[in-house]
Amino acid sequence: MRLQTRIAPTPSGYLHIGNAWSFVITTLVARTLGASIQLRIDDMDRARFREEYLDDIFDSLKWLGIHWDSGPQTAVEFHNKFSQQKRHHLYNTALKQLSEIKNPDRNLIYGCRCSRKDIKAARTVLGLSGNIYPGTCRNKKVPLNTENINWRIRTEDISPITINDHLTKKEVQLQETTGDFSIRTKKGEPAYQLCSVVDDEYYGNNLIVRGSDLLDSSAAQLFISPFLDNSLFSNTKFLHHSLITDVSGNKLSKSNQAPAIRNLRSELSTPNKLFQ
């Protein structure tokens, strides 16, 4: 089977130098291994979507000299054929499938009323760090058809998830890193982890190159895939690369005002000196 990877930007802000770093590494890995590259733009978060952010993806990739083999070539083509809004039926089928699973005598999925404030307070009381969900609603039996609830997937009492990462194997214990993560939002939209698994199966992506900060996401997606009879994802190859950081060692991201590629385009005639 031929390898195919993907570049998966999100049009929720202008692409920045951290994105460029990941895209360049993905391209180099793909060309070295003879893999094809898909452009997959993740636009499920419509609240933060902006048309100018979508245009920036194509402008920035073109300036970086990154070429892809499949996926949209223009914003118009993206809207017409490749938007995640076109695949809602696939996500809804997956959500229904997961909601009907019992493991072994309890539902795999449960409803959660917790707000971000509730979760933060519970973490403080329990002494939990990071983004771990403390399981507050796990046994409250909130009906899944209740309005304004998250759907969460149980991760307690599971074995560590093994990730075949390049030449080594890594293990992630989800209960210690994310806890019971969300697969459907309070707005009734499929959440990122579920969309990513469904999309990669749909498009045939079997090589995933991403930053080391997304190791937990890889584990969460590997956990979901067997419940969806996802044969491709269970055999996917992974490579989690190091992150580009600022002088203080913090990763360059949207949240800490990483330099936008669109600004660098006006300062540099070519991207050759971008990472020097």
Is the distance between the ring centroids of Tyr14 and Tyr53 under 6.0 Å?
yes
Shortest non-hydrogen contact between [X] and [Y], atoms and distance:
| X | Y | answer |
| --- | --- | --- |
| Ser182 | Asn150 | OG-OD1, 3.5 Å |
| Arg184 | Ile149 | NH2-O, 4.2 Å |
| Pro9 | Leu15 | CB-CD2, 3.9 Å |
| Ile261 | Ile17 | CG1-N, 4.2 Å |
| Ile132 | Glu176 | CD1-O, 3.1 Å |
| Ala35 | Arg2 | C-NH2, 4.2 Å |

Indicate whether the side chain of [X] and that of [Y] have a donor and an acceptor atom separated by less than 3.5 Å.
| X | Y | result |
| --- | --- | --- |
| Gln38 | Ser70 | no |
| Gln193 | Gln221 | yes |
| Asp180 | Tyr110 | yes |
| Ser218 | His240 | yes |
| His16 | Asn19 | yes |

Is it true that Asp59 and Lys62 have a side-chain N and a carboxylate O under 4.0 angstrom from each other?
no
State plainly whether the residues Arg87 and Asp199 are in salt-bridge range, i.e. N to O under 4.0 Å.
yes
Are the side chain of [X] and the backbone of [Y] linked by a donor-acceptor contact shorter than 3.5 Å?
| X | Y | answer |
| --- | --- | --- |
| Thr10 | Ser12 | no |
| Gln175 | Ile158 | no |
| Ser196 | Tyr192 | no |
| Ser83 | His79 | no |
| Glu156 | Gly179 | no |
| Asn107 | Lys102 | no |
| Thr146 | Val142 | no |
| Glu77 | Gln73 | yes |
| Trp21 | Ser242 | yes |
| Thr178 | Phe181 | no |

4.5 Å side-chain heavy-atom contact, [X] and [Y]:
| X | Y | answer |
| --- | --- | --- |
| Leu39 | Pro72 | yes |
| Lys120 | Cys114 | no |
| Ile109 | Ile183 | yes |
| Thr136 | Asp118 | no |
| Phe82 | Ile41 | no |
| Lys140 | Arg113 | no |
| Phe223 | Thr155 | yes |
| His241 | Val209 | yes |

Going through the distances and angles, do Glu147 and Lys186 end up as a side-chain contact (heavy atoms from CB on, under 4.5 Å)?
CA-CA 8 Å; Glu147 292 186 0; Lys186 287 188 175 184; over 6 Å; no
Would you call the rings of Trp68 and Phe58 parallel, tilted or perpendicular if under 30° counts as parallel and over 60° as perpendicular?
tilted
Would you call the rings of Tyr91 and His88 parallel, tilted or perpendicular, where under 30° means parallel and over 60° means perpendicular?
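Rings of Tyr91 and His88: perpendicular, as their planes differ by over 60°.
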Could you grab the distance from atom [atom1] of [X] to atom [atom2] of [Y], nearest 0.5 Å is fine?
| X | Y | atom1 | atom2 | value |
| --- | --- | --- | --- | --- |
| Lys86 | Asn80 | NZ | CG | 6.5 Å |
| Leu174 | Ser159 | CG | OG | 11.0 Å |
| Asp42 | Phe49 | CG | CZ | 12.0 Å |
| Asn139 | Arg106 | CG | CZ | 8.0 Å |
| Leu95 | Glu189 | CG | CD | 10.0 Å |
| Asp216 | Gln173 | CG | CD | 11.0 Å |

Does [X] belong to the same Ile/Leu/Val/Met/Phe/Trp/Tyr cluster as [Y], with side-chain heavy atoms less than 4.5 Å apart forming each link?
| X | Y | result |
| --- | --- | --- |
| Leu108 | Val197 | yes |
| Ile66 | Leu54 | yes |
| Tyr203 | Leu194 | yes |
| Val198 | Leu214 | no |

Let me know which of Leu3, Asn235, Asp200, Thr5 forms a side-chain contact (heavy atoms from CB on, under 4.5 Å) with Asn206.
Leu3
Quick one, Lys187 with Asn148, criterion side-chain contact (heavy atoms from CB on, under 4.5 Å). Give me CA distance, side-chain angles, the key distance, then yes/no.
CA-CA 6 Å; Lys187 294 181 179 180; Asn148 197 34; over 6 Å; no
Return yes when atom CG of Asn131 has more than 12 non-hydrogen atoms of other residues, nucleotides or ligands closer than 6.0 Å, and no otherwise.
no
Arg152 to Tyr133, cation-pi by 6.0 Å centre distance and 45° axis angle
yes
Going through the distances and angles, do Thr185 and Trp151 end up as a side-chain contact (heavy atoms from CB on, under 4.5 Å)?
CA-CA 7 Å; Thr185 71; Trp151 286 14; over 6 Å; no
Could you give me the CA-CA distance, side-chain angles and deciding distance for Leu222 and Phe238, then say whether side-chain contact (heavy atoms from CB on, under 4.5 Å) is met?
CA-CA 11 Å; Leu222 282 168; Phe238 290 85; 3.9 Å; yes
